[in-house]
Number of protein chains: 2
Amino acid sequence: LKNRPLMNKEIHDLIVSHEKVAHVQLQNPLDHALLVLIKSGYTAIPVLDKDYRVQGQISKTEILDSILGLERLEMERLHDITVEAVMNPKIPRLNTDATFGKALTTSISHPFICIEDEYEAFVGILTRRSILALINRYFK
Amino acid sequence: LKNRPLMNKEIHDLIVSHEKVAHVQLQNPLDHALLVLIKSGYTAIPVLDKDYRVQGQISKTEILDSILGLERLEMERLHDITVEAVMNPKIPRLNTDATFGKALTTSISHPFICIEDEYEAFVGILTRRSILALINRYFK
Ligand SMILES: Nc1ncnc2c1ncn2[C@@H]1O[C@@H]2COP(=O)(O)O[C@H]3[C@@H](O)[C@H](n4cnc5c(N)ncnc54)O[C@@H]3COP(=O)(O)O[C@H]2[C@H]1O
Ligand SMILES: Nc1ncnc2c1ncn2[C@@H]1O[C@@H]2COP(=O)(O)O[C@H]3[C@@H](O)[C@H](n4cnc5c(N)ncnc54)O[C@@H]3COP(=O)(O)O[C@H]2[C@H]1O
C-alpha cells in the first residue's frame with residue numbers, strides 16, 4: 001500500500017531560504033566567486049541576476065578550467081573574467097507549489113534544486129540531504 | 001502501511017563497482033590526484049592503500065588549500081606533497097550485507113558511501129543518486 005500523501009506533500013518547509021544560500025551575481029569577477037566558494041565550502045552555488053532571478057550555477061571546476069594555462073593556473077586573470085562568462089546555465093528549478101514527488105524525481109540527477117515563486121524570484125534551494133532526511137523519517 | 005521489505009532490501013545491486021570508481025592511492029603526489037579529479041569531473045573520490053583498503057577521500061578543495069600562498073596558488077609544490085598528507089580521513093563505510101535502510105540513513109549526510117567486504121577490501125561505492133532512484137521507483 002503506497003502512501004500517496006508523501007508524494008503529494010508540499011515542499012515549503014524543506015526549502016533552505018535564500019538568505020542562507022551562498023550565491024554570486026552574473027557580473028561578479030571570478031576572484032570574488034572563487035572566494036565565496038572556498039569560504040562557503042560548497043561544491044556549486046547559484047548565480048543570480050540583478051532582479052534576483054536564477055541564471056545558472058558555478059563551481060570551482062568552471063573557474064579553474066577558465067584559467068588553466070599550459071604551465072600553470074593564471075590566477076591574475078581571475079579579476080578580468082565575469083561569472084556569466086564561465087557559469088553553467090543549466091540549473092534545475094521548481095516552483096514553490098511543486099509536490100514532494102516532483103522534487104524527489106528531479107533530485108535523482110541534481111544535488112540541489114532552485115525554488116522560484118510565481119514571479120520567478122529566487123526563494124531558496126531544496127537539497128538532496130533534506131529530501132533523504134524526510135524519506136528516512138517516513139520509513140522509520 | 002509502511003513497506004518493510006524496502007528498508008530490509010540488500011544493497012548489492014545498487015553498488016557502483018570498484019572498477020568504475022575513480023580513486024587515488026595514499027602515496028600518489030597531489031598533481032596526479034588533481035588530474036584524476038579534473039578528468040573524472042567528480043567532486044570527491046576515495047583514497048585507497050596498497051591492500052585496496054579505503055583510507056579516506058580527497059577533493060579539489062583539500063588540494064588547493066594546501067598550495068594556497070599569500071599571492072597565488074603555488075602549483076609547483078603539487079608534485080612534492082602526497083595525497084595522504086592532505087586527504088580527509090573521515091569517510092562513511094558500510095559492509096556489503098548492510099540493509100537499504102542503513103544506507104539511506106548514512107546517505108543523509110554523505111554524497112557517497114564506500115562499501116567493503118568482510119575482509120575490509122574495497123568493493124565499490126553507493127551514491128545518493130542510486131538511493132534516490134530506487135525510492136522514486138518504489139513510490140511511482
Ligand atoms: N557546511 C556544511 N554543513 C553540513 N553539511 C555539509 C556542509 N557542506 C556540505 N555538506 C554535506 O555535503 C553534501 C554535499 O555538499 P556539496 O557542497 O557537494 O553540494 C551542495 C551545495 O552545492 C548546495 N548547497 C547546499 N547548501 C547550500 C547553501 N546554503 N548555499 C549554497 N549552496 C548550497 O547543494 C548541494 C547539496 O547539499 P546537501 O545538503 O544535500 O549535501 C551536502 C551536505 O550533506
Ligand atoms: N559523469 C557524470 N555523469 C552523470 N551524472 C553525474 C556525473 N558526475 C556527477 N553527476 C551528478 O552530479 C552528482 C554529484 O556529483 P559529485 O561529483 O558532486 O559527487 C559524486 C562523487 O563525489 C562520487 N562519485 C560518484 N560516482 C563516482 C565514481 N564513478 N567514481 C568516483 N566517485 C564517484 O559520489 C558523489 C555522488 O554521486 P551521485 O551519482 O549521487 O551524484 C552525482 C550525479 O547525480
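Each chain gets a letter, A, B and so on, in the order the sequences are listed, and its residues count up from 1.
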Margin query: If you take the centroid of each ring, where Trp contributes its six-membered ring, are A:Phe100 and B:Phe139 closer together than 6.0 Å?
Written below: no
Check: Got B:Leu104 and B:Met7 here, is their nearest side-chain heavy-atom distance under 4.5 Å?
Finding: yes
Checklist line | Note, B:Asp65 side chain near B:Val86 side chain (heavy atom, < 4.5 Å) | finding: no
Margin query: Do A:Thr82 and A:Glu84 pair up side chain to side chain, a donor and an acceptor below 3.5 Å, judged on atom types alone?
Written below: no
Item checked: Evaluation steps, side-chain contact (heavy atoms from CB on, under 4.5 Å), between A:Val47 and A:Leu26 -> CA-CA 6 Å; A:Val47 176; A:Leu26 283 171; 3.8 Å; yes
Checklist line | Proximity of residues 108-122 of chain B to chain A, residues having a non-hydrogen atom under 4.5 angstrom | finding: B:Ile108, B:Ser109
Note to self: Please classify the contact of A:Thr105 with chain B as side chain, backbone, both or neither, using a heavy-atom distance under 4.5 Å.
What the structure shows: both
Next item on the list: Examine whether an atom of B:Leu64 lies under 4.5 Å from a heavy atom of chain A, and if so say whether it belongs to the side chain, the backbone or both; otherwise answer neither.
Entry: side chain
Notebook entry, point to check: Once you round to the nearest 0.5 Å, how far does CZ of B:Arg53 lie from CG of B:Leu48?
Noted result: 11.5 Å
Notebook entry, point to check: Do you know which two heavy atoms are closest between A:Val24 and A:Ala33, and how far apart they sit?
Noted result: CG1-CA, 3.9 Å
Notebook entry, point to check: Do you know which of A:Thr61, A:Ile131, A:Ile135 has the most heavy-atom pairs with chain B at a distance under 4.5 angstrom?
Noted result: A:Ile135
